[in-house]
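In what follows, a single structure is set out as structure tokens and then discussed.
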Amino acid sequence: MQNELDVLRAENVLLKELAALSEQRYEEVKRLKKENEELKKQIEQLTKQLFQQRPDSWFMHTLQRQQVLKNAKLPLSTPFSFAEKEK
């Protein structure tokens, strides 16, 4: 009986430690998500500033096209296929 009680206490300690680690990781994920959002906002602001400074440059046109494609959410499938058709 005492042995079972000791096992249960050990499991309890282990579960508490795992819960604490889980909570720490959750807080870290929350912090990283917030940091990621802030960095995205900074990138958007810098991109807007670059567009305002040099709207005619090749780099800015390329960056603008990439932004449009990224935000367009185009379907991945196309009617074209490079595979050989079966005969």
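Since this is a predicted model, take the numbers as computed values, not measurements.
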Task: Gln42 CD to Glu37 CD distance, which is reported to the nearest 0.5 Å - done: 12.0 Å

Task: Value rounded to 0.5 Å, distance of CD in Glu38 from CG in Asn36 - done: 9.5 Å

- [ ] Can you measure from NZ (Lys16) to CG (Leu14) and round to the nearest 0.5 angstrom?
- [x] 12.0 Å

Task: Glu23, CD atom: more than 12 neighbouring heavy atoms under 6.0 Å - done: no

Open item on the list: Measuring from atom CG of Leu21 to atom CD of Glu28, what distance do you get when rounded to the nearest 0.5 angstrom?
Closed with: 12.5 Å

TODO: With rounding to the nearest 0.5 Å, note down the distance linking CD1 in Ile43 to CD in Gln45.
DONE: 11.0 Å

Task: Arg25 atom CZ: more than 12 heavy-atom contacts under 6.0 Å - done: no

Task: Heavy-atom check, side chain of Asp6 versus side chain of Gln2, under 4.5 Å - done: yes

Task: Candidate pair Leu5 and Arg9, rule side-chain contact (heavy atoms from CB on, under 4.5 Å), full reasoning - done: CA-CA 6 Å; Leu5 186 59; Arg9 285 183 181 151; 3.5 Å; yes

TODO: Begin from the C-alpha positions of Gln49 and Leu46 and carry the test side-chain contact (heavy atoms from CB on, under 4.5 Å) through to its verdict.
DONE: CA-CA 5 Å; Gln49 289 174 1; Leu46 290 172; 3.7 Å; yes

Open item on the list: Run Arg31 and Glu35 through salt bridge (Lys or Arg N to Asp or Glu O under 4.0 Å) and show every step you take.
Closed with: CA-CA 6 Å; Arg31 185 187 65 77; Glu35 187 177 313; 2.9 Å; yes

